[in-house]
Structure formats: C-alpha cells, structure tokens
Amino acid sequence: MLQVSALNHYYGQSHALWDVELDVEPGSCMCVMGRNGVGKSTLMKTIMGVLKPRSGSIQFDGKELVGKGAEYRPKVGIAYVPQGREIFNQLSVEDNLKVGTSVRRNKGIPDKVFKWFPVLKEMLHRRGGDLSGGQQQQLALGRALAIDPKLLILDEPCEGIQPNIVQLIGDTVTRLREEEGITVLLVEQKLGFARKVAQRFTILDRGRSVASGPMGDLTDELVQRHLSV
C-alpha cells in the first residue's frame, strides 16, 4: 500500500534521511523503531508532505506522493496522528472531530468514531485543551478516523499516556486493522506495545534503515544494538 524508496531529506546541510526504504503491506501494521533523534518523525512528516524530500519516491496505492502537498494525503485516505497529538486546544471536541470530516462529502462525524472512543461522545462540547492527556490522544485518533482512512500513521501514540489508555490504544489499533481493514504505520519506542500490535518492523539508525522484517525477527541482539539506551 505504501512504498518508500531511496528517500533523502536534509535540514539545511544536515543529511537527516539516507536512502530510506519502507514497504507497508495492505492490512498490516508496520512499526518504525529507533532511538530518539534518528529520523522517525522526520520520515513520517516527509511521507505526509509536511517536509519535502531532496530525492526519492513515496508511492501510495501505486500513485506518487512526492510533489503533492500535505492536503492531498487525506483526500486519498491517509490519516496522521502526529507526535504530541496537536489537537486544537481552544476548539470543542466536536469541532476538532469535524476538522477530520472536511475531506469527506458527508461532513457528519462517523458513528464509528464514538464506537471506538465513547468518551468523546460524553465530552463532545468540552474544549480539547481541558481533556486529560489520554483523552486528547483518543481525540487525535478520532479526528484521524473521521476521514475514513485506508492508512493510519501514528507517531508515538503512547507517549505520556497512562497504562490503561496505552492498553486501549493497542486494542483499538489491532481491531481497526482486523475489523475495518485499516493499514497502520506506527512509530513506537515501547517494545512490548510494538510487539503486541505490529506484524513487521523497520529500525532507523542515524537516518538509515538498518534492519527490517517480521516482528518475530526482532532479536535481543538487534534491540541491544539499535534500541537500548
């Protein structure tokens, strides 16, 4: 569904992504892993068109994304939950969710958003900034699901979240994939969470793809070499 080939990105003269390769199969969950500062979020932002690559290809359903603006991604079914959630603090939960419906002909909030996250229906008129961290993460996920995506990109969804919400997010990601057929691209440093929800992994180190494969191939040696602090 998503194929990244020979992708390079620079911050000024600093080479941030080095010929990165990534293949995400339809209906799967791929986890991008690595220590802080190795380029994981840069890769996600480049895929989403927030950052422009120097060279390389990003194809979604066989269509090239490089050269198209960030606003094109949701139109073709790519939803993004960035690191830090980035909800609109001053808007209500309802208005935050309506932002996610802007690319759909039917502007109503899909019922399945409240099916997955019933707390959002209870807090529909509360400001986003007044929610707890876990509730804000559910709001960010609900906003992404409101576009009815084919591909859901999650950047560190468990960061700063209490354990019971981490469990909820993990269960939801698995059910979205199994019941809705949504493909998931995940950035996550929590090893237990990644092993629970993902089928495949890719490890980045200093902006390079250094290992990838089925989650069962994520050995202790790879963890020690590329993921341990």
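Numbering of residues begins at 1 and proceeds along the displayed sequence.
Checked against ring pair (Phe, Tyr, Trp, His ring centres under 6.0 Å), F88 has no partners two or more places apart in sequence or in another chain.
Between atom CE of residue M44 and atom CG of residue L22 there is a gap of 6.5 Å, rounded to the nearest 0.5 Å. In this structure, L222 CG and L227 CG are separated by 8.0 Å, a value rounded to the nearest 0.5 Å. The OH atom of Y80 lies 13.5 Å from the CD1 atom of I147; values are rounded to the nearest 0.5 Å. Here the CG atom belonging to D148 is positioned 4.0 Å from the NZ atom belonging to K112, to the nearest 0.5 angstrom. Considering NZ of K121 and CG of D111, their distance stands at 6.5 Å, rounded to 0.5 Å. The OG atom of S209 lies 5.5 Å from the CG atom of L204; values are rounded to the nearest 0.5 Å.
Taking all atoms of both residues into account, the shortest heavy-atom contact from Q83 to S41 is OE1-OG, 3.2 Å. Minimum heavy-atom separation, V223 to R195: CG2-NH2, 4.3 Å. P149 and A144 make their closest contact through CD-O, 3.7 Å (heavy atoms, listed as atom of the first residue, atom of the second, distance). Closest of all the heavy-atom pairs between R143 and I87 is NH1-CA, 3.5 Å. The two residues G128 and Q136 have their closest heavy-atom pair at O-NE2, 3.2 Å. Contact between G142 and L120 at its shortest, heavy atoms only, is CA-CD1, 4.3 Å.
With hydrogens and angles ignored, the 3.5 Å screen pairs a side-chain donor or acceptor of Q199 with a backbone N or O of C29. For D19 (side chain) and L7 (main-chain N/O), no donor-acceptor pair under 3.5 Å exists by modelled atom type. Without hydrogens or angle criteria, T101 side chain to L97 main chain gives no donor-acceptor distance under 3.5 Å. Between the side chain of T174 and the backbone N or O of V197, no donor-acceptor pair lies under 3.5 Å. Under a 3.5 Å cut-off, the side chain of Q137 and the backbone N or O of C158 do not form any donor-acceptor pair. A donor-acceptor contact shorter than 3.5 Å is absent between the side chain of Q162 and the backbone of N164. Between the side chain of K40 and the backbone N or O of R35 there is at least one donor-acceptor pair closer than 3.5 Å. With hydrogens and angles disregarded, a donor-acceptor distance shorter than 3.5 Å links the side chain of E64 to the backbone of I58. Between the R73 side chain and the K68 main chain, a donor and an acceptor come within less than 3.5 Å of each other. Panel note: side chain R85, backbone L139; no donor-acceptor pair is recorded below 3.5 Å.
Side-chain contact check for T183 versus K150: every heavy-atom pair is 4.5 Å or farther apart. The side-chain heavy atoms of L218 and M33, taken from C-beta on, include a pair separated by under 4.5 Å. Residues Q135 and E122 fail the side-chain proximity criterion, which asks for heavy atoms closer than 4.5 Å. Inter-residue side-chain proximity for M123 and L131 is flagged as met; some heavy-atom pair is nearer than 4.5 Å. In this structure the side chain of E180 never reaches within 4.5 angstrom of the side chain of L145, judged on heavy atoms. In this structure the side chain of E21 reaches within 4.5 angstrom of the side chain of S5, judged on heavy atoms. Proximity of Q189 to N36: side-chain heavy atoms (C-beta onward) are separated by under 4.5 Å at one or more points. No side-chain heavy atom of R127 sits less than 4.5 Å from a side-chain heavy atom of S92.
Grouping the Ile, Leu, Val, Met, Phe, Trp and Tyr side chains by contacts below 4.5 angstrom, directly or via other members, places L185 apart from F193. Connection of V187 to L151 is established within a shared hydrophobic cluster, with ILVMFWY side chains joined at heavy-atom distances below 4.5 Å, either directly or through further cluster members. Taken together through direct or relayed side-chain contacts under 4.5 Å among Ile, Leu, Val, Met, Phe, Trp and Tyr, L51 and V20 form parts of separate hydrophobic clusters. Hydrophobic cluster membership is shared by L152 and I109, with clusters built from Ile, Leu, Val, Met, Phe, Trp and Tyr side chains linked at under 4.5 angstrom. The hydrophobic clustering, which links ILVMFWY residues whose side-chain heavy atoms are closer than 4.5 Å, places W116 and I161 together.
Crowding of Q224 atom CD: a count of heavy atoms from other residues, nucleotides or ligands under 6.0 Å not exceeding 12. The number of heavy atoms from other shown groups lying within 6.0 Å of NZ (K63) does not exceed 12.
Ring pair H15/W18 is parallel by interplanar angle, where below 30° counts as parallel and above 60° as perpendicular.
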Apply side-chain contact (heavy atoms from CB on, under 4.5 Å) to residues Q138 and L168 and explain how you reach the verdict.
CA-CA 9 Å; Q138 292 176 74; L168 171 65; 3.4 Å; yes
Verify side-chain contact (heavy atoms from CB on, under 4.5 Å) between L124 and E94, making sure each step is shown before the conclusion.
CA-CA 5 Å; L124 206 56; E94 182 177 18; 3.8 Å; yes
Tell me, with the steps shown, if K196 and D171 meet side-chain contact (heavy atoms from CB on, under 4.5 Å).
CA-CA 9 Å; K196 175 183 175 182; D171 292 344; 3.0 Å; yes
Start with the C-alpha distance between I47 and I78, add both sets of side-chain angles, then the distance that settles side-chain contact (heavy atoms from CB on, under 4.5 Å), and finish with yes or no.
CA-CA 10 Å; I47 291 171; I78 303 176; 5.7 Å; no
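A salt bridge does not link K75 with E71: every distance from a Lys NZ or Arg NE/NH1/NH2 to an Asp or Glu carboxylate oxygen is 4.0 Å or more.
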